[in-house]
Amino acid sequence: MPFYVTTPIYYVNAEPHLGHAYSTIAADILARHMRQRGEDVFFLTGTDEHGEPVAQAAERLGTTPRELADRNSVRFRDLAARVNATNDFFIRTSDPEHVAEVRRIVQGLYDSGHVYAGVYEGWYCDRCADFKTESELVDGKCPIHLITLEKRHEENYFFRLSSFQEALERLYAENRDFVSPGSRFNEALNFIRQGLEDISISRSAISWGVPVPWDERHVIYVWIDALLNYYTALAYAREGEDLTERFWPATVHVIGKDILKFHAVIWPAMLMASGLEVPERLFIHGYLLMDEHKMSKSLGNVIDPFQVMDLYGTDALRFYLFREVGFGQDGNVSTEGFETRYTTELANEYGNLASRTLAMVSRYRDGAVPAGEPPAALVAVFEGAPEAIAACFDRSDISGALEQIWERVRELNRFVAEQAPWQLAKDPAQAERLDSVLYGLVEGLRVVSLLLLPIVPEAAERLLIALGAAHERSLVAARFGAVAGGAQTGELPQLFPKIEREPEPSAA
RNA sequence: GGCUCCGUAGCUCAGCCGGUUAGAGCGCACCACUCAUAAUGGUGAGGUCGGUGGUUCGAGUCCACCCGGAGCUACCA
């Protein structure tokens with residue numbers, strides 16, 4: 001089955017931060033998991049580059065929008081690589097292929113009567129160079145500059161969003177998991193039910209954008225341009241091949257809650273208007289908070305993902321984000337929480353389990369995994385595990401999958417304590433039992449690591465190799481007992497070494 | 001104002017279609033073990049399940065109201 005997953009495309013004006021890493025890692029975990037299931041996967045990420053803010057920033061820096069976009073896009077590409085994202089393509093909305101396709105699609109909307117010329121009327125703030133909504137106004141003044149605003153008119157092209165009211169309501173009625181979590185589904189549906197207005201999809205007086213094909217005085221509103229990336233990329237992501245047939249419609253768009261409406265309302269309407277299929281579902285994740293507040297540079301409460309990865313590794317970050325905060329919810333992250341999870345779970349429970357298991361196999365059986373009887377206790381623990389985890393991933397429930405996996409890790413540690421192999425080793429009469437215990441541990445670790453592969457790919461791979469499980473990486477192989485004994489284990493440096501961190505120099 | 005969601009052990013949260021003594025993880029206390037990255041395992045501490053009133057043989061789990069908190073209520077991306 002084709003599985004097409006996307007991240008939002010990131011606006012090049014922003015500094016790559018933890019939130020970007022979060023979306024990208026989430027989509028990557030889903031992509032890796034589906035590949036493990038043998039599905040035909042396409043994973044897309046990229047950058048959104050048009051629009052006034054980029055043009056303004058470029059002007060401030062004395063450069064061109066294109067140069068600025070080139071420079072900043074690389075940083076997002078670097079971030080994706082740094083978090084070990086396995087994206088199949090990195091789209092930029094400035095790609096000529098994308099631009100051409102956006103023009104073609106928008107022209108189609110115009111030709112089919114879904115777009116018309118109209119007048120946008122609103123309160124315009126000169127200082128912001130921007131229109132304000134009624135609800136934003138404070139006593140009829142700009143909330144930022146507190147100056148009286150004038151009513152301004154602008155000729156725009158409008159998309160008949162209002163004509164998709166019923167179609168959208170039907171989409172939601174017939175597809176209860178079009179948007180998840182459920183609260184976001186309700187939020188989007190509620191918005192639709194309130195009545196949709198047409199939206200303007202062009203801007204004049206801006207030049208950094210995709211020109212409207214039939215009226216080049218205008219450029220296409222960046223959001224229209226940006227949303228289309230999910231579709232346009234397929235046509236040129238692979239040279240000499242059009243993947244559209246194969247992967248459209250997208251399986252899941254991973255997005256943050258701040259861009260819900262664009263994806264849950266405007267986007268499906270645009271697709272319907274263009275005669276294209278709508279995506280199967282959207283998964284909306286929450287915000288990563290610090291001390292209950294959204295991270296922001298001005299508050300100084302940011303976690304730099306690069307810094308974390310430099311210190312603890314990429315796997316640790318990938319693990320932490322989905323372990324600490326239920327995927328789909330808002331949640332607090334902190335360096336303290338990070339260190340606790342890293343030490344207690346990755347280093348102690350998983351890493352140390354690997355160390356003790358390998359040490360015992362080496363010490364008691366010269367590094368050869370014994371062909372023991374699968375211990376009944378562990379057979380029970382792993383019964384149905386791959387299926388349970390796959391079911392979580394089918395709902396994009398990464399945190400749920402991780403919890404399922406971690407319960408097994410804990411069971412393995414419990415098993416070691418109960419069986420006390422070091423006692424069995426003292427009694428030659430217990431050799432068979434020791435074989436069984438050691439085999440069970442190796443096999444349990446192998447299964448757990450296979451299941452963990454999408455989340456902590458580097459560490460899980462290293463451990464699998466050390467366990468002598470050289471080849472098979474599919475989910476099918478994650479069945480307890482699928483591999484018999486006989487493998488030779490190898491050396492394994494600590495998977496997650498304890499990090500000695502310099503005590504914070506107390507701020508004066 | 002309207003709509004949605006939430007309020008369960010010190011902390012973070014599970015509790016599906018209502019049903020035996022309300023659970024997990026962290027933190028804390030004590031105990032056990034020594035294979036291991038001084039790691040692991042066990043036990044305990046007893047929370048009016050926000051409040052009140054209902055429905056029911058029986059409600060954390062359904063209904064009403066109240067208190068407290070969060071989000072959305074359209075064109076910054």
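Bear in mind the structure is a predicted one, so any value in this text is a computation, not a measurement. Naming convention: chains lettered A, B, ... in sequence-line order (proteins, then strands); numbering from 1 in each chain.
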Distance-only check: which donor-acceptor pairs under 3.5 Å involve side-chain atoms of residues 258-272 of chain A, not counting sequence neighbours?
unit_1: His263(A); atom_1: ND1; unit_2: Ile259(A); atom_2: O; d: 3.0
unit_1: His263(A); atom_1: NE2; unit_2: Tyr230(A); atom_2: OH; d: 2.7
unit_1: Trp267(A); atom_1: NE1; unit_2: His253(A); atom_2: NE2; d: 3.1

Side-chain donor-acceptor contacts of residues 156-165 of chain A below 3.5 Å, not counting sequence neighbours, with atom names and distances?
unit_1: Asn156(A); atom_1: ND2; unit_2: Glu154(A); atom_2: OE2; d: 3.2
unit_1: Asn156(A); atom_1: ND2; unit_2: Ser202(A); atom_2: O; d: 3.0
unit_1: Tyr157(A); atom_1: OH; unit_2: Asp215(A); atom_2: OD2; d: 2.6
unit_1: Arg160(A); atom_1: NE; unit_2: Gly113(A); atom_2: O; d: 2.9
unit_1: Ser162(A); atom_1: OG; unit_2: Asp198(A); atom_2: OD1; d: 2.7
unit_1: Ser163(A); atom_1: OG; unit_2: Arg160(A); atom_2: O; d: 2.8
unit_1: Gln165(A); atom_1: OE1; unit_2: Leu196(A); atom_2: N; d: 2.9
unit_1: Gln165(A); atom_1: NE2; unit_2: Glu169(A); atom_2: OE2; d: 2.9
unit_1: Gln165(A); atom_1: NE2; unit_2: Ile192(A); atom_2: O; d: 2.7

- Item | Contact letters for nucleotides 28-35 of chain B, in which S counts primed atoms plus P, OP1 and OP2 and B counts the base, heavy atoms under 4.0 Å | -----SSB
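Remark: Phe393(A) engages His33(A) in a ring-ring contact (aromatic ring centres under 6.0 Å, His included) (not counting sequence neighbours). Residues satisfying the side chain to side chain contact (heavy atoms under 4.5 Å, CB included) criterion with Glu418(A), sequence neighbours excluded, are Arg414(A). Applying the salt bridge (charged side-chain N to carboxylate O under 4.0 Å, His left out) rule to Arg365(A) yields the partners Asp435(A); only residues at least two apart in sequence or on another chain are considered. Under the rule for a salt bridge (charged side-chain N to carboxylate O under 4.0 Å, His left out), the partners of Arg410(A) that lie at least two apart in sequence or sit in another chain are Glu345(A), Glu349(A). Partners of Arg395(A) according to the salt bridge (charged side-chain N to carboxylate O under 4.0 Å, His left out) rule, which considers only residues two or more places apart in sequence or in another chain, are Asp397(A). Shown here are the side chain to side chain contact (heavy atoms under 4.5 Å, CB included) partners of Tyr439(A), two or more places apart in sequence or in another chain: Val369(A), Pro374(A), Glu443(A). Every side chain to side chain contact (heavy atoms under 4.5 Å, CB included) that Ser449(A) has, sequence neighbours left out, goes to Tyr350(A), Ala460(A), Leu463(A), Leu464(A).
Contact check, Arg414(A) against U40(B): no side-chain N or O comes under 4.0 Å of OP1 or OP2.
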At a cut-off of 3.5 Å, list every protein nitrogen or oxygen paired with a nitrogen or oxygen from nucleotides 1-3 of chain B, distance to 0.1 Å.
unit_1: C3(B); atom_1: O2'; unit_2: Asn190(A); atom_2: ND2; d: 3.0

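Remark: Arg341(A) is not positioned above the aromatic ring of Tyr320(A), lacking an NZ or CZ atom under 6.0 angstrom from the ring centre and at most 45 degrees off the axis.
Per the geometry, CD belonging to Glu324(A) stands 11 Å off C1' belonging to C11(B), to the nearest Å.
Put simply, the side chain of Asn352(A) and the base of A36(B) share a donor and an acceptor less than 3.5 Å apart.
Helical stems of RNA chain B (runs of at least 3 Watson-Crick or G-U pairs, donor-acceptor distances under 3.5 Å) are listed by first residue: B:1-7 with B:67-73, B:10-13 with B:23-26, B:28-32 with B:40-44, B:50-54 with B:62-66.
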